[in-house]
Number of protein chains: 2
Amino acid sequence: MKPESSHSEPASYSISDLSREFGITTRTIRFYEDKGLLAPERRGQARIYSPEDRVRLKLILRGKRLGFSLDESREIIEMYDPAHGNVEQLQRLLQGIEQKRAQLQQQLRDIQSLMGELDDAEERTRASLAKNISP
Amino acid sequence: MKPESSHSEPASYSISDLSREFGITTRTIRFYEDKGLLAPERRGQARIYSPEDRVRLKLILRGKRLGFSLDESREIIEMYDPAHGNVEQLQRLLQGIEQKRAQLQQQLRDIQSLMGELDDAEERTRASLAKNISP
DNA sequence: GCAAAGGTTTACGTTAACGTAAACGTAAGG
DNA sequence: CCTTACGTTTACGTTAACGTAAACCTTTGC
């Protein structure tokens, strides 16, 4: 069911293959399809996922780790191919890209400050521990 | 209603002061209180927010930008004071801090890769634009 | 032939994070 | 005294992102 030629990439995946690999339920994967984020082929009734489908799923999950909604993740994925010919649409695409970049930069700043505060918190906690153990 | 001595920090804020400053509704602020993230004093019935309350609110909103739930933000805020004497609790606090750090590092990696992909997407989009304008 | 393993659709349930609205209190200004 | 601005409580409504369960195929191993 998962023909793997010696050491490279599987040609296709079942839904439970992907659910196991990424630690999510099959319900979740079908839900993403319902929302238009995935569109696997069918062999009869069953879904069969290509390596590209798997990549899309990875992108969705990365988006989740960054706090993106599924709509945001879909937009980001759609940014990957500028097949949307129209000049005006391409301009708006560039705008969208710039916006995401700004958001990511804000997140970077947020992470930096939070990291620093965690360092301080750890230090204070260790100090508190030392006081509670020695005397 | 907001005594400010020349150039420093206001001593207190009303709920609409804060809602205006941060671009959120008063409903949201009260909701956070309901969830135990804020505990402003009262003057009669009205809420009166201290500078510390305002900082807590800022931390909550930063958490939101990073995709944290309110429960997660509360935990993070609670990490700031190791008054929780018990040694065992302090150990678990250190664990929590370490976990958050790991999560933030994952987010950093995610942002880095996404940034790179946005660069590529922009480049392809500009190329597509050039093709659609010149000929 | 049949049970077990994996897949499917359909549909109702749940949780977080607020939105929205009603009904009311209170202090200041004209 | 009356309006206006700002605040309050209470409560039902909404959206996203799934969970859960029922009822049903279909292929495979014994």
Side-chain angles (χ1 to χ4, degrees), chain A residues 1-3 10-50 53-54 56-78 103, chain B residues 1-3 10-50 53-54 56-78 103:
Chain A
M1 249 99 254
K2 199 175 58 177
S12 72
Y13 307 84
S14 76
I15 193 168
S16 52
D17 285 344
L18 294 182
S19 85
R20 245 172 285 126
E21 175 174 3
F22 296 114
I24 60 185
T25 69
T26 61
R27 172 66 173 98
T28 296
I29 298 179
R30 292 195 196 95
F31 180 77
Y32 294 160
E33 180 176 349
D34 235 62
K35 292 298 165 180
L37 293 168
L38 292 174
E41 302 188 353
R42 299 285 185 132
R43 202 175 58 190
Q45 211 183 201
R47 294 166 171 82
I48 165 164
Y49 296 87
S50 70
D53 289 328
R54 180 174 165 278
R56 291 176 71 95
L57 183 51
K58 268 175 87 166
L59 294 178
I60 299 168
L61 298 177
R62 187 184 64 186
K64 277 194 60 176
R65 289 195 299 271
L66 292 175
F68 295 176
S69 71
L70 295 184
D71 281 350
E72 285 178 302
S73 283
R74 194 206 351 257
E75 289 174 20
I76 290 177
I77 291 177
E78 284 168 358
Q103 181 183 344
Chain B
M1 249 98 251
K2 198 173 60 178
S12 71
Y13 308 84
S14 77
I15 193 169
S16 51
D17 286 344
L18 295 182
S19 83
R20 245 172 284 128
E21 175 174 4
F22 295 114
I24 59 184
T25 69
T26 60
R27 173 67 172 95
T28 296
I29 299 180
R30 291 196 195 97
F31 180 77
Y32 293 161
E33 180 175 350
D34 235 61
K35 293 297 168 180
L37 293 169
L38 293 173
E41 301 187 353
R42 299 285 184 135
R43 202 175 58 192
Q45 214 185 196
R47 293 165 172 84
I48 165 164
Y49 296 88
S50 69
D53 289 329
R54 179 174 164 279
R56 290 175 72 93
L57 183 50
K58 269 174 83 166
L59 294 179
I60 298 168
L61 297 177
R62 186 183 65 185
K64 276 193 61 176
R65 289 196 300 271
L66 291 175
F68 295 177
S69 71
L70 294 184
D71 280 349
E72 285 179 303
S73 283
R74 194 207 349 261
E75 289 174 21
I76 290 177
I77 292 177
E78 284 169 358
Q103 180 182 345

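In what follows, every chain begins at residue 1, and chains take the letters A, B, ... in the order their sequences are listed. Basis for what follows: all heavy atoms, side chains included, without hydrogens, waters or symmetry-related copies.
Residue A:Tyr13 contributes atom OH, which lies 15 Å from atom P of C:dG7 at whole-angstrom precision. Counting to the nearest Å, the P atom of C:dG7 and the CD1 atom of A:Ile48 are 12 Å from each other. Spacing between atom CD of B:Gln45 and atom P of C:dA23 amounts to 18 Å, rounded to whole angstrom units. Between the P atom of D:dT9 and the CD1 atom of B:Ile29 lies a distance of 13 Å, rounded to the nearest Å. One can place CG of B:Leu18 at 14 Å from C1' of D:dG7, the figure rounded to the nearest angstrom.
Between A:Thr26 and C:dG7 there is no side-chain polar atom (N or O) within less than 4.0 angstrom of OP1 or OP2. Contact between the side-chain N/O atoms of A:Arg47 and the OP1/OP2 oxygens of C:dG7 is not found at any separation under 4.0 Å.
A:Leu37 places none of its side-chain heavy atoms less than 4.5 Å from the side chain of A:Leu59. At least one side-chain heavy atom of B:Lys58 sits under 4.5 Å from a side-chain heavy atom of B:Phe22.
Take A:Arg47 and apply the side chain to side chain donor-acceptor pair (under 3.5 Å) test, not counting sequence neighbours, and it matches A:Glu33.
Checked by atom type, the side-chain pair B:Thr28/B:Thr25 shows a donor-acceptor distance below 3.5 Å.
Rounded to the nearest 0.5 Å, atoms OG (B:Ser69) and CD (B:Glu75) are 7.5 Å apart.
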*Contact state string [nucleotides 11-23 of chain D, B base, S sugar-phosphate only, - no protein heavy atom under 4.0 Å]*: B-----BBBB---

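By the neighbour-count criterion of 12 heavy atoms within 6.0 Å, atom CD of A:Glu41 is sparsely surrounded, having that number or fewer from other residues, nucleotides or ligands.
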